[in-house]
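A short worksheet on the structure shown next.
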Amino acid sequence: MSSYLDTGGRGGIAGWIFSTDHKRIGILYLATMTGLFFVAVVIGVLMRVEQLVLDPPLFAPQVYNAFFTVHGVIMIFMFVLPGLGAVFGNFFLPIMIGARDVSFPRLNLMSWYAFVAGTVIVFVSLFTGDGAPDTGWTFYVPFSVRTGTNVTLGLTGVFMLGFSSILTGLNFITTIHRLRAPGMTWHRMPLFAWSLYGTAWVQLLATPIVGITLLLVIAERVFGIGVFDPAKGGDPILYQHLFWTYSHPAVYIMILPAMGAITEILPTFAHRTVFGYKAIAYSSMAIAFLGSLVWGHHMFTSGMSEQANLLFSLFTFLVAVPSAIKVFNWTSTLYKGSIEVRPPMLYALTFVFLFAIGGLTGLMQGALAVNVHLHDTYFIVGHFHYVMFGGTGVAFFAALLYWFPKMFGRTYNERVANLAWAPIFVGFNLLYFGMLVLGYMGMPRRYFTHLPQYHTGHVIASVGSFILAAGLVLFFANLVVALLRGKRAESNPWGGVTLEWRIGSPPPAENFDVIPEIQGRPYRFNPEVSE
Amino acid sequence: MDRTGSETHVMPYRTLVRVWLVLLGLTGALVAAGTTLHPSLSVWAMLVITPVKAGLIFYYFMHLKYEKPLLTGLVFVTLGLLVLVIGLLFSDLFYR
Ligand code: HEM
């Protein structure tokens, strides 16, 4: 059978943007998201340059406000939220459960169109009206209602992006329920599929809340109704509740598929079955559920009741339990394995390390008294870069390195991939650990300038950002070269055991000639002993 | 009965209409509670009535009635937990 890259009916660009093949849609997401990622990286680095050049500032304060808003909106809504689900979920979920496609292929393509439409609208909002949105990615009222910048259009774009997420979630739930191959029981599903399942429910149930909330802000701006604006009898705290009721679960939309991908990579390179299959599967569901009850920890200083503060703090500590279960299971998977540190494994281990720092700093913030000191400082910025970038971002890189030969049928230069790791790791920690320290010292977030006592810290962080950006360029350049000139990849270069490694690289158009019959559990590296 | 959900179930119209009337009644009760009771009491009225409405919708309109007991249990336990948590958040109304 010919590969999905050769077929598709139409040739050229039409063969891609009109294709309902889940694999092609995954690649469409990969291409758009990587492009957007780099746009936001450039803006991030520009913000770091701003902190080096103080007097006179390189960019006006208003420009800095637009920078962190656009950087945040792109990174959150266009990169980590679709994240590993949109790219690797679309590409591999059907293959991993033994299906030919997702349940609703056309809806799948439509979700990509919604993604592109939302992106275009957000970008139009930057260059039209009275200036780019300057509210930060959180669009807090009353400022977002009163600012004269182009927030209405920006919100409309984000609303569209939400649609894309809902449609993907709907598709994955249905696919997992209805299209598993014969013998693929729930407990035989690869753990990446489990993580997508937990995520999909959050996408489906939580995203509509933020959609409506953003619509209310639009209505408030356009028609002047007073839902949130205190001057009109509205309640700004209500906005924060509604926003975080979605946006906190959303961080689990970002991280769960990342954890799922790591759970695929570690056993493959430790050459042993995953430790605690059920614990990992159910902890995904526990994270999805408990994670929906902790939104208030973004609002400890907002003036809500003490009682609510106490409860949200308690739940925040509780949600650390299933996350820690995963970390312990990963380390136990490595124990007595025959570990081979090739590029995907190197990045996967980096994920575990950086995510642990992100998670532990999260617990620090979860303590009420400490939170008062840390709220709205660089500590928060450092923390969420550790989880979202060190976590989801690095897991995205690991997954890309792991599945690249399968997706494109080409191998990349492993030495260069390892080489790129060094500046990424060093730059990352200089930049974001620097931010943690700066925040602890009291540097507030979202300021275009700083007091002299923070200058050394800022210089270190900025140098870190340059090193990091150089590493990112090297990382992706290596893959682009591989795409154009890489050697042909074998169908199973790493010795993986899940279904995707049993079909050709790149996979054939409909994945399987004959739908496979599943005999046993996944991750059987040594079938004679481990079943 | 095949419980996989691949076949269509026919819910008698009579049941649907009855449930609908109950829902309308409960909505009326909610509005009444919201307008007549003291705010600290109306919260409790809402915490009781809203989940009942949600439960009815899940059970009849969303066909939970025809699902395996495990799934039905899971949905209602989750709903119960959610109500419990939100109730706890409001529990300081007693002494605020
Ligand atoms: C080289 C890469 C990156 C650099 C140099 C960078 C740098 C920065 C800087 C300087 C800020 C503003 C700090 C402030 O003044 O408050 C910021 C904010 C932010 N960054 Fe990044 N970042 C990078 C990558 C990422 C990634 C990968 C993500 C997400 C996955 C991300 C998400 C965010 C978010 C959500 C904000 C907050 C925006 C807001 O305050 O509204 N960044 N970043």
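The analysis underlying the following values was restricted to heavy atoms, covering all of them including side chains, and did not include hydrogens, waters or symmetry mates. To find a chain, count down the sequence lines: A is the first, B the second, and so on, and within it residues start at 1.
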Heavy-atom pair of closest approach, residues Ala308(A) and Leu89(B) | CA-CD2, 3.7 Å
Atom CE of Met11(B): over 12 foreign heavy atoms under 6.0 Å | yes
Sorted by chain and residue number, the salt bridge (charged side-chain N to carboxylate O under 4.0 Å, His left out) partners of Asp229(A) (sequence neighbours excluded) come out as Arg146(A)
Glu306(A) atom CD: more than 12 heavy-atom contacts under 6.0 Å | no
Which bit of Leu81(B) comes within less than 4.5 Å of chain A, counting heavy atoms only: side chain, backbone, both or neither?
-> side chain
Any chance you could measure Met285(A), atom CE, to Thr78(B), atom OG1, to the nearest 0.5 Å?
-> 9.0 Å
Taking atom CH2 of Trp44(B) as the centre, report whether more than 12 heavy atoms of other residues, nucleotides or ligands fall under 6.0 Å from it.
-> yes
Heavy-atom closest pair (Gln307(A) atom, Leu88(B) atom, distance to 0.1 Å) is NE2-O, 3.5 Å
Just how far is it from atom CG of Leu82(B) to atom CZ of Phe289(A), taken to the nearest 0.5 Å?
-> 6.0 Å
Side chains of residues 204-211 of chain A: which donor-acceptor partners sit under 3.5 Å, not counting sequence neighbours?
from, atom 1, to, atom 2, distance (Å)
Thr207(A), OG1, Gln203(A), O, 2.6

